[in-house]
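Data first, discussion second: the structure below is written as structure tokens.
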Amino acid sequence: MISTNDIRRSFLDYFGSNGHDVVPSAPLVPYNDPTLMFTNAGMVPFKNVFTGLETRALPRATSSQKCVRAGGKHNDLDNVGYTARHHTFFEMLGNFSFGDYFKEQAITHAWTLLTKEWQIPKDKLLVTVYHTDDEAFGLWQKIAGLSEDRIIRIPTNDNFWSMGDTGPCGPCSEIFFDHGDHIWGGPPGSPEEDGDRFIEIWNLVFMQFEQQADGQRLNLPKPSIDTGMGLERIAAVLQGEHDNYDIDTFKALIAASESLTGVRAEGETRASHRVIADHLRSTSFLLADGVLPSNEGRGYVLRRIMRRAMRHAHLLGAKQPLMHRLVPALVTEMGAAYPELGRAQALIQEVLEREETKFRQTLDKGLKLLDEATEAMGDGAQLPGETAFKLYDTYGFPYDLTEDALRSRGITVDKEGFDAAMAQQKAAARAAWKGSGEAAAGEVWFDLVERVGATEFTGYTSATGEAQV
Ligand code: ATP
Ligand code: MG
Ligand code: MG
Ligand code: MG
């Protein structure tokens, strides 16, 4: 069986030997884009090359890019533990052409790698194209010999990528693997596509237009290619697994958390082990890239991820902080590919242990309060926003943690009520501050807090600047 580490190598070798510059992963905190919270696609470090602001010695590159999707336009946090294919941290394998080759070669490379190098049976694959992209449709017929019913035309923005309101954009083509009819789900474009039978493995973006501010779309003189394939998803395919969480890397991490908690991953505890393994990766990689837990911005996203994992550790009955003790297993699995993990290991362990020790002081009490508040509630009930706010304010429960805690019972949280309680507290704090006679300095601070949000960061909602691959 080919290991995940070998698949990464094999991908980079394939494109390296086809004239691509093999580029190491950029950090998770984008250096070139202040509007983006975390690097969330392989193309992010190359944005300025695609727009022409920067040039590279070679017009082709390939990478395995660390990505986090836990906020902003791409937020997969709530999917983790529940779908077979989503992580908060994952690696995106990509090949890029900066005005060099275009559709034909991009499709040829993808097809050759999947079906020749990796020997994936052709009849397990199907693809989508943007509904007006006849060129891509024809190329899939010609290069892959796919029949018309295996090339699905999609009219939505899922198959049209743009960098922002203006700038490069173009149709894309996604490659799906059919895991078989014993798994629920339908092909892309069908009403059942949310299932996990047909899993998107690779997205090929054909950047061929330049979107102008006046709405016009001009043809780019030198069209470009940006592709992204989830390493964990292709590893599942190549290791004969349906589920990303059953690949070698995750098996090892879950085995570590099983052995430390003494609880097997089956039935109800399965999701907890998965969440822990996933969040261990995102938190460790974020810490290694210099993000520290805090009450705002990136640091708050990190804290939210950590605390969610810590609640699941508690659910599994952990009586002591757990997360930091799993770090060695992660370093064993991924430290060779990402030496920064080993370098930061002591720091990662220390921060995780400190955070978990601190959170455990209020976690138990908070969960008791939550139990009492929801005791009489059934499926479909809603927790009052004030209770969620009390949990947030007094017990350090991020809003989404409360939501996650109630999810399995079908109870939702009144978000408006939560926001209102938060606003009320801010107003009260502001009034109290005014009373202290330090109004001038206080105003500035409170204005700032309102603009950037000191305690609750819910992510950037603007679509501009966010990468999608
Ligand atoms: P999906 O529709 O399954 O959520 P996507 O269309 O959002 O995927 P893209 O933005 O096209 O994903 O990213 C390119 C590739 O990265 C995907 O084809 C997939 O293989 C992988 N990928 C995307 N999101 C995740 C995730 N949360 N966890 C693991 N792999 C992912
Ligand atoms: Mg997605
Ligand atoms: Mg998709
Ligand atoms: Mg996609």
Side-chain angles (χ1 to χ4, degrees), residues 4 7-8 11 25 28 36 38-44 63-96 106 110 113-114 120 125-130 152 154-163 169-179 185-190 192-207 225-238 241-247 249-250 274-275 277-279 281-282 285 305 463 466-469:
T4 299
I7 296 169
R8 184 194 303 108
F11 181 92
S25 174
L28 283 167
L36 188 62
F38 300 122
T39 302
N40 58 13
M43 63 77 64
V44 170
S63 65
S64 178
Q65 175 62 48
K66 300 181 278 189
C67 293
V68 165
R69 291 190 174 184
K73 189 167 90 178
H74 284 294
N75 186 354
D76 288 330
L77 193 53
D78 290 330
N79 288 324
V80 170
Y82 304 97
T83 72
R85 67 184 201 278
H86 289 108
H87 308 295
T88 54
F89 170 93
F90 64 100
E91 290 175 69
M92 199 185 283
L93 303 166
N95 57 290
F96 310 93
L113 181 59
L114 293 175
I120 297 176
L125 298 169
L126 67 165
V127 303
T128 62
V129 296
Y130 191 54
I152 302 165
I154 302 278
T156 65
N157 275 349
D158 274 349
N159 282 62
F160 196 89
W161 177 87
S162 47
M163 196 178 280
C169 59
C172 45
S173 191
E174 299 190 323
I175 306 173
F176 286 74
F177 183 84
D178 179 2
H179 282 273
S190 74
E192 299 83 27
E193 84 156 280
D194 267 351
D196 273 332
R197 173 176 170 185
F198 294 88
I199 290 192
E200 175 189 330
I201 51 174
W202 203 345
N203 193 355
L204 316 181
V205 178
F206 311 129
M207 285 186 208
I225 290 293
D226 153 32
T227 87
M229 169 158 62
L231 173 63
E232 300 78 3
R233 292 191 191 180
I234 189 65
V237 169
L238 296 178
E241 301 289 354
H242 163 241
D243 198 306
N244 280 14
Y245 290 87
D246 290 326
I247 66 173
T249 316
F250 275 97
R274 289 174 170 216
V275 170
D278 174 85
H279 292 9
R281 298 205 320 161
S282 45
F285 274 97
I305 302 174
E466 290 246 2
Q468 199 213 343
V469 170

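Values below: every heavy atom of this structure, side chains too, minus hydrogens, waters and symmetry copies. Note that ligands are numbered from 1 as they come in the structure, with each ligand's atoms numbered from 1 the same way.
Of the heavy atoms in R233, only side-chain atoms (C-beta onward) come closer than 4.0 Å to ligand 1. Under 4.0 angstrom from ligand 1, the non-hydrogen atoms of R69 all belong to its side chain.
None of R85, H87, E232, R274 except one satisfies the side chain to side chain donor-acceptor pair (under 3.5 Å) rule with Y245; the exception is H87.
The N/O atoms of N244, backbone and side chain alike, include none that comes under 3.5 Å of an N/O atom in ligand 1. Backbone and side-chain nitrogen or oxygen atoms of G230 are examined, and one is located within less than 3.5 angstrom of a nitrogen or oxygen of ligand 1. Checked by distance only, ligand 1 and I201 come closer than 3.5 Å through their nitrogen or oxygen atoms.
Between the side chain of D196 and the backbone N or O of A84, at least one donor-acceptor pair lies under 3.5 Å. With hydrogens and angles ignored, the 3.5 Å screen pairs a side-chain donor or acceptor of N159 with a backbone N or O of C172. The closest donor-acceptor contact from the side chain of R69 to the backbone of N75 lies at 3.5 Å or more, if one exists at all. Judged purely by atom type and a 3.5 angstrom limit, S173 uses its side chain to pair as donor or acceptor with the backbone of T128.
Near N203, the atoms of ligand 1 lying under 4.0 angstrom from a non-hydrogen atom of the residue are 11 (O). Here is the list of ligand 1 atoms found below 4.0 Å of a heavy atom in D76: 24 (N), 26 (C), 27 (N). The atoms of ligand 1 that sit less than 4.0 Å from any heavy atom of M92 are 13 (O), 14 (C), 16 (O). Listed by atom number, the atoms of ligand 1 under 4.0 Å from E174 heavy atoms are 6 (O), 11 (O).
To the nearest 0.5 angstrom, W202 atom CH2 is 5.5 Å from N95 atom CG.
If you look at E200 and ask which of its N, O or S atoms sits nearest the Mg ion (ligand 3), the answer is OE1.
Taking the charged nitrogens against the carboxylate oxygens, K66 and E91 have no contact shorter than 4.0 Å, which rules out a salt bridge.
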